[in-house]
Each structure stands twice: as C-alpha cells, then as structure tokens.
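The shown structure was predicted, so the numbers you read here are calculated from the model rather than taken from an experiment. Whatever order the structure lists them in is the order used to number ligands and atoms, beginning at 1.
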Amino acid sequence: MDITSLVSQSVKNLKPISWGDTSYEESYLVLKWGENPYDPPPDVQNAIAKCSKVNVYPSQMGKLKEKIANYCQVDVGQVCMTNGADKAFRLLAEICMDESNEVITFTPSYPVFDTAIQATGGKLKRLALDKNFLIPSVSKIKKAVTLQTKLIYVCNPNNPTGNFIATSDQLEELLALDVLVVVDEAYFEFSQKTALSLLAKYDNLIIIRSLSKTFGLAGLRVAYMLGSPKIIKYFQTFEESVEVFSIATPSLSGAIAAFDALAEIKKNIKLINKTKDTLTAGLAKLGIKVYPSDTSFILFNLKSQTITAAEFLTKMAKRKIILKDVSIYEGLSPYDCYIGIPKENDIKRVISTVKSVVRNY
Ligand SMILES: Cc1ncc(COP(=O)(O)O)c(C=O)c1O
C-alpha cells in the first residue's frame with residue numbers, strides 16, 4: 001500500500017513555508033522573527049520559574065481569560081485562548097472552512113493564515129495590496145466575494161510590510177458583507193490602534209492578538225481571539241472538546257503575571273518604538289528606502305544600493321546577523337528586506353554592519 005494515499009489531498013498540495021534555521025550560536029544576533037528583544041519583567045520570569053507542579057493538568061485558563069477580558073473591556077464569553085496566534089488560524093480554518101469555501105487574503109501578508117486555510121481544502125483568493133501596501137478599494141474586494149466566501153483576513157498592521165493596510169472605515173465596509181472579517185492585531189500594543197470598538201456593533205468581527213511580540217512572551221505561545229459570544233461559543237466548545245488543556249501551566253502563569261506587570265511591559269514597548277526610529281533614521285542615512293512600521297520589525301528596500309535581499313542576507317549572516325528570507329512572502333520585490341528591531345545596545349552594531357555590507361567593505 002502507498003502509505004501517502006492516507007494523507008489528505010489538500011495537505012499534499014500545501015506549499016511548505018521554509019523558515020530556514022531556527023537555532024544559532026549565542027554570538028549571533030537573530031533579527032528574523034521580530035521578537036521582543038527584551039526579557040519579560042522579573043515578576044513574569046519568577047511566575048514562570050515557580051511552576052513546579054507540572055504533574056497535574058493546567059488549571060488557570062479561567063483566570064487568564066478574566067485578565068484578558070478585563071484588559072480588553074469585553075465579557076469572558078468573548079475570549080477564546082489559543083496556543084499562539086498561529087493556532088487561532090487553524091481553529092478558524094477547522095471551524096469555518098470546508099472544500100467548498102473561499103477566503104480572501106491580501107499579498108504580501110502573513111503566510112501562515114493562508115496555509116491553515118489551504119490545509120482544509122478551502123480556496124484562497126489573494127488580492128494584491130497597492131504600491132503603498134494598502135488594500136484595494138472595497139468595491140474591488142466586494143467583486144471577489146461570492147456565496148462561497150467565508151472569511152476575509154486583514155493583518156493590521158501587516159506582516160511583512162509593517163503598516164496598517166485598512167482603515168477603520170474600510171473594515172466597517174467589509175463587516176457589512178456576509179462574511180467573517182478576521183483582523184490580526186498581533187502587534188496591537190506598538191501603536192494602540194485597534195478594531196476593538198467595532199466588536200459591539202458587528203457579530204462577524206474576529207480579532208486575533210498575541211502575547212508573543214508586545215509582551216515579550218513568544219516562547220510561551222499564548223494568544224487570544226475576541227469576537228461575539230455567538231461565534232466565540234463555538235470556538236470554546238470545539239477547543240474544550242478536542243484540546244481542553246491547550247495552554248501549558250508555565251505559559252498560563254507567565255501570561256497572568258504579564259497582565260499584572262503592564263507598566264513595565266509598556267516601558268519595553270516604548271523603548272522598542274524608540275529604537276525603531278533610530279534604526280529607521282540610520283538606514284535612511286545610508287540611502288536605503290525604509291517603510292513606516294507599527295510593528296517590531298522594519299521592511300526596507302535595497303534597490304538604491306544595487307544589492308538584492310538574498311545577497312544582503314548572506315553577507316549579513318557572515319557577519320553574524322541573521323535576517324529573514326522574505327521569499328516566503330508572495331508579492332515582495334527581490335530588493336525587499338525584513339529586520340527585527342534589536343536591543344538599543346545593539347543598534348550601533350546593526351547599522352555599522354549594514355553599512356559595511358552595502359558599501360562593500
Ligand atoms: C501578523 C502575525 N500574526 C500572527 C503571528 C504569530 O504569532 P504567534 O507567535 O502568537 O503564533 C505573527 C508572528 O510573527 C505575525 O506576524
């Protein structure tokens with residue numbers, strides 16, 4: 001028997017996302033994921049370290065949900081916890097999609113959402129962002145919507161472009177359609193701009209947020225979805241039926257402690273935003289085109305330096321700075337490069353290394 005005949009055809013059809021290496025020696029500066037470069041506050045680290053009782057299943061999900069409901073000023077019944085935002089995509093795909101359905105996404109954008117949809121056999125309609133990385137006119141988007149369209153995914157601000165691709169008015173126009181509008185706010189706290197106020201008005205809005213970047217807890221894998229209780233109820237029921245203890249005890253403890261340490265977390269966010277400005281100015285001074293960012297990374301374009309992103313990446317890696325290979329995104333130019341914001345202390349090293357590469361020292 002051909003054992004692979006047991007794998008679903010939609011999974012066989014998936015185009016794998018090749019993220020490259022995920023481990024490096026200590027001396028490397030890894031700026032490929034847009035991680036928060038700072039350790040979480042000491043109380044958060046202590047809460048994680050104190051989790052010795054791992055012989056029993058996690059028990060603090062209710063407490064974390066209450067913290068999040070309070071933070072977002074919504075009811076607990078509007079919150080669904082997930083193991084990272086990436087898991088939220090899979091839940092959406094599993095709960096809403098089948099082979100007859102379609103989803104609208106934009107390019108370039110975060111590719112994991114698309115992959116989660118494709119794994120279910122759902123069809124993607126990918127619409128290109130314009131030259132300023134903004135969504136097409138809502139009338140154009142409406143033309144792409146059919147009776148089979150279930151979801152529209154808006155990554156706001158967008159990975160990899162870093163900007164807000166849709167205004168609140170545009171989101172409202174999309175919400176007037178008979179589809180779920182999924183707004184990915186993984187970077188919300190860097191700008192504080194959110195679609196949250198629309199939740200009270202629209203049952204078809206789902207917001208996804210993550211503790212990975214803004215809270216500096218990427219290793220804990222904690223994220224949440226917000227929506228109308230009418231729809232979130234199904235996510236909760238499904239999750240509690242198939243994976244009742246989805247979030248590990250240290251992750252729950254660390255996340256709960258993080259909501260008690262918001263003042264310190266906000267300080268980190270402010271520092272990252274300041275360092276982002278310094279990096280933007282440093283790259284611009286070298287004549288590099290930098291796109292504005294409301295995230296923990298920057299997209300820049302090396303066309304003026306006549307070096308492609310692929311060459312640049314290789315030369316940076318030789319100098320022990322690791323950047324992301326952006327060929328995983330559809331619709332970027334070969335000169336577009338992604339860099340996570342480093343610690344303030346590393347900014348000189350980063351800018352001088354970029355300078356040595358583009359000036360060919
Ligand atoms: C826009 C966006 N959504 C979701 C994620 C995944 O977040 P998490 O670490 O919570 O899975 C990322 C990670 O880079 C992202 O950029």
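For atom 6 (C) of ligand 1, the nearest non-hydrogen atom of the protein is D86 OD1, 3.2 Å. Among protein heavy atoms, the minimum distance from atom 3 (N) of ligand 1 is reached at D184 OD2, 2.7 Å. Of the protein's non-hydrogen atoms, the one nearest atom 7 (O) of ligand 1 is A85 CB, 3.6 Å. The single protein non-hydrogen atom nearest to atom 13 (C) of ligand 1 is K213 NZ, 3.1 Å, given as residue, atom name and distance.
Within ligand 1, the atoms closer than 4.0 Å to a non-hydrogen atom of G84 are 10 (O), 11 (O), numbered from 1 in the order shown. Atoms of ligand 1 lying under 4.0 Å from any heavy atom of N159, numbered from 1 in the order shown and given with element: 1 (C), 14 (O), 15 (C), 16 (O). Heavy-atom proximity to S212, at under 4.0 Å, picks out these atoms of ligand 1: 8 (P), 9 (O), 10 (O). Within the listing of ligand 1, atoms 1 (C), 14 (O), 15 (C), 16 (O) sit less than 4.0 angstrom from a heavy atom of Y187. Shown in contact with A186 at under 4.0 Å from a heavy atom are these atoms of ligand 1, numbered in order with element: 2 (C), 3 (N).
Residue R221 places a heavy atom less than 4.0 Å from ligand 1. Heavy atoms of G34 come nearer than 4.0 angstrom to ligand 1 in no pair at all. Assignment of F113 to the shell around ligand 1 is not supported, since no heavy atom sits closer than 4.0 Å.
For the atom pair OG of S253 and NZ of K63, the computed distance is 8.5 Å after rounding to the nearest 0.5 Å. Atom-to-atom distance recorded for L64:CG and S251:OG is 10.0 Å, nearest 0.5 angstrom.
By the 30° and 60° cut-offs, the orientation of the rings of W19 relative to W33 is tilted. Taking the six-membered ring for Trp and thresholds of 30 and 60 degrees, Y153 and F113 have nearly parallel ring planes, at less than 30 degrees apart.
Aromatic rings of Y291 and F300 (six-membered ring for Trp) have centroids beyond the 6.0 Å cut-off, not under it.
The shortest side-chain heavy-atom distance between L199 and V74 falls under the 4.5 Å cut-off. Side-chain atoms of V222 and F215, non-hydrogen and from C-beta on, never get closer than 4.5 Å to each other.
Just one residue in the list I321, L302, L323, L283 forms a side chain to side chain contact (heavy atoms under 4.5 Å, CB included) with V354, and that residue is L283.
Heavy atoms of C155 found under 4.0 angstrom from ligand 1 belong exclusively to the side chain.
The shortest N or O to N or O distance between W33 and ligand 1 is not under 3.5 Å. Below 3.5 Å of separation, one finds an N or O of S210 facing an N or O of ligand 1. The shortest N or O to N or O distance between P157 and ligand 1 is not under 3.5 Å.
In this structure, the side chain of E264 does not engage the main chain of A261 through any donor-acceptor pair within 3.5 Å. Using a distance-only test at 3.5 Å, with no hydrogens or angles considered, no donor-acceptor pair links the side chain of N159 to the main chain of S109.
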